[in-house]
Each structure stands twice: as structure tokens, then as C-alpha cells.
Amino acid sequence: MITFADRLNTVEEYYFSKKLREVNLLKSQGKPIINLGIGSPDLEPPSRVIDAITESMNDAVAHKYQSYQGLPELREAMAGFYKEHYGVSLSPLTEVLPLMGSKEGIMHISMAFLNEGDEVLIPNPGYPTYESVTKLVGAKPVFYDLVAENDWCPDFLTLEKSDLSKVKLMWVSYPHMPTGATASNKVFEDIIAFAKRHNILVVNDNPYSFVLNDYPRSILKYKGAKEVCLELNSLSKTFNMAGWRVGMVLGKTEYINAILKVKSNMDSGMFYGIQKGAIEALKCSKMWFTSLNSVYEERRQKVWKLATALNCTYDENATGLFVWAKLPPHLKAEDYIDMILKEHSIFVAPGTIFGSNGEGYIRFSLCAPIEELQEAIARVKLGVGVQ
Ligand SMILES: Cc1ncc(COP(=O)(O)O)c(C=O)c1O
């Protein structure tokens, strides 16, 4: 009998992979499902990006293996983007590594820095991949609480009461997914000081800083950050290029080299045309963000109405691609989203998929056209299900 690796017993199939099968089955039965579950941008990338990939097809090198570190122009464009939008100076030669999406970067970083049994601080609630990758590499997830009362930021006093001697890595993600909370300068400074006190590598996963957020920040901007921090970033949400799979990891040369050691043994470079498109995206002016956010702003107004119609409350100061909404007391998130799916054919993510502190919350994505959001509101307000 062929058996599976033990590590497979440490993880489950991704929630959306399972739940979307159920949603698609409902669709195939003719239910007009409105999908507000997943954050996959439905808008177009900048047109110059499409032009660049199209033109690149005729380049002689387009179909060859590409450099493990990406094209020099791509690394320069990434460093330029960090300088222009975050005020962070990075060497394009040694401090920037293009990735095929930042999700993959979570695995590369974990493989580069974690040994079996090392502990990893993971936000609860937070992006589920931090936990599953930690388990896949044989390390141990240790969850730290994020709660509304503390603006979804770490409580270091409480954290330091526990034994941190085995902690090697800490995931933070500001602006935070799923809550949309942002970190102040002080919070970033506290994170860095905490990392230094305990000799922990902090990774800020930062894919949402340009969505409905007036003050994009990078952890690398803060004093002393490069000694103990890396940052992941992505073109998925900033430029509507989720399917293209372009991300990046940024930080100190030695850390980037360690990640490259892993990555260069896993893939053989990113498709040339995608790199050419990514370069153009990164050069977009601020106008791009303004026009992108005007669409999301209008959608968010509708989603707020929808949340209210579903008796939820929300924080109007939150940022990002989602509305994180609090349910009336005593309602369970998974029961509530099942009810919304059944009664109104609207799919919303339950907060519990992001951790136990997501109980009592649901997450609406802004990745649906305004007409669908209007239809969703009408369905809920009229109290009609769709037969
Ligand atoms: C917090 C967070 N990190 C990382 C990712 C992965 O993004 P990418 O498309 O760059 O792999 C996501 C995607 O939804 C996310 O929400």
C-alpha cells in the first residue's frame, strides 16, 4: 500500500477549497450565488500591464528559463516602488527577491528559518496559511490573541508572561487581514523592540496597504527593523493581478540569501512576460490607486448596508479589501453564514476560519460588482430567499 507523508496529517484541505465545492454545487443546481467569500480581485489590472505581457511574447528570451532572482529590472522596479510609496531604501541587488505570490513566500521563509520543534507566533485571527505552513515544516504554532478591545494589535505584556525561549519566528500582518486594522508607528516600534528582546524574526505580511488605506506603511521603514524583520508584499490586490502570482520578500541581504537558497531549489524562475507586466504595474502613478479605491469605496458603502441589513456592526475606520462585521451576541459565525447562503444565496466567510477569535464575526469581500451588492441588499431586505 502506498502511504502518505505524516506531515499531511498535520493540515486539512484549505477551507475555501472545500467550501467553494459546496458553493459551486449550489450554482450548478441553478442557485444565483453572490460570492462575497474570497478576496480575488474582479477588476482589470492596469492596461499597460496587459500591453507589456503581450509585447513580451516576441522577445527572444521570453520562453527560456529565467533567473532565480528575477530580472534585474524587476528587482529595480520593486525597490523603486518601496522607495516611492513607503520611503524605504533597499538594494535591488541583494535586498529584494521576487516571488511567485506571497503565499509561496510563507513556505520559503518557514523552510529557510525553522527547524522541527521551533515555535512560531501566529496571529489569532490571521491568514490561515501561517499555521498550516508552520505545521508542514514540523514547527509548532503558538497563537497570540488579537482582540477588538486592543485594536487587533498584539498585547506584548501578556505575551511576555509566557515562555518565549523556543520562539524563532513571528507573523504579523498590518494592515491586518481579516479585520482591516492598521498598526500605528508605536505598534510597529513595539513589535521591533519585542523581536530584538527575544531574538525573534518578525515577518510583516503586507499585501493590503494600498486598498482603502490612506497611510501605506512598511515595517522596514522603522529604526532597527532590518536586523530582525522581513516584509512580504504582493501585486495580487494592489494591481488586481492575483492570478499572475507575483509577490516579493524584502529585507537584509543574509536573510534574502537564505530564502533564495530554498526558492532556487523549488522553482526555475518566473515567466518572462509576467515579470515584464509586473515591472509596468510597479511603475503606475498614484492615479492608479485613486481610481482603484474609488471603486472599492463605492462597493464598501453597499457592503456596509448589507452588513447592517444582516444585523451586523462594523468599524468604519478599517482598511483593506474586506468588511469585518460583528454579529449580534450569541450568534455563531458558521451557522450564520450557512443561513445567509441557504436563505439568500449569498456566500460570506465565517470569522472562525481565521482562528477562534474570529468567532462572532463574518467577513465580506469587496470583490463583487456594485449590481451584485445591490441585489444582495435587496434579497436580505425583502427577506427573500432565492428558490
Ligand atoms: C494576509 C494575506 N497574505 C498573503 C496572501 C497571499 O497573497 P498572494 O496572492 O500574494 O499569494 C493573502 C491572500 O489572500 C492574504 O490575505
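Whatever order the structure lists ligands and atoms in, that order sets their numbers, starting from 1.
- Listed by chain and number, residues touching ligand 1 at under 4.0 Å (heavy atoms only) are G101, S102, K103, Y127, Y130, M177, D205, P207, Y208, S234, S236, K237, R245.
- By the 4.0 Å N-to-carboxylate-O rule, K252 lies close enough to E227 to be salt-bridged with it.
- Atom CG of residue L321 and atom OG1 of residue T319 lie 10.0 Å apart, to the nearest 0.5 angstrom.
- Salt bridge annotation for E73-K276: present, with a cationic side-chain nitrogen under 4.0 angstrom from a carboxylate oxygen.
- The existence of a salt bridge linking E131 and K135 is confirmed by a sub-4.0 Å separation between a basic side-chain nitrogen and an acidic carboxylate oxygen.
- Applying ring-ring contact (aromatic ring centres under 6.0 Å, His included) to Y361 and the options W152, Y336, Y314 leaves one that passes, W152.
- Classification of the F322-Y208 ring pair by plane angle, with boundaries at 30° and 60°, yields perpendicular.
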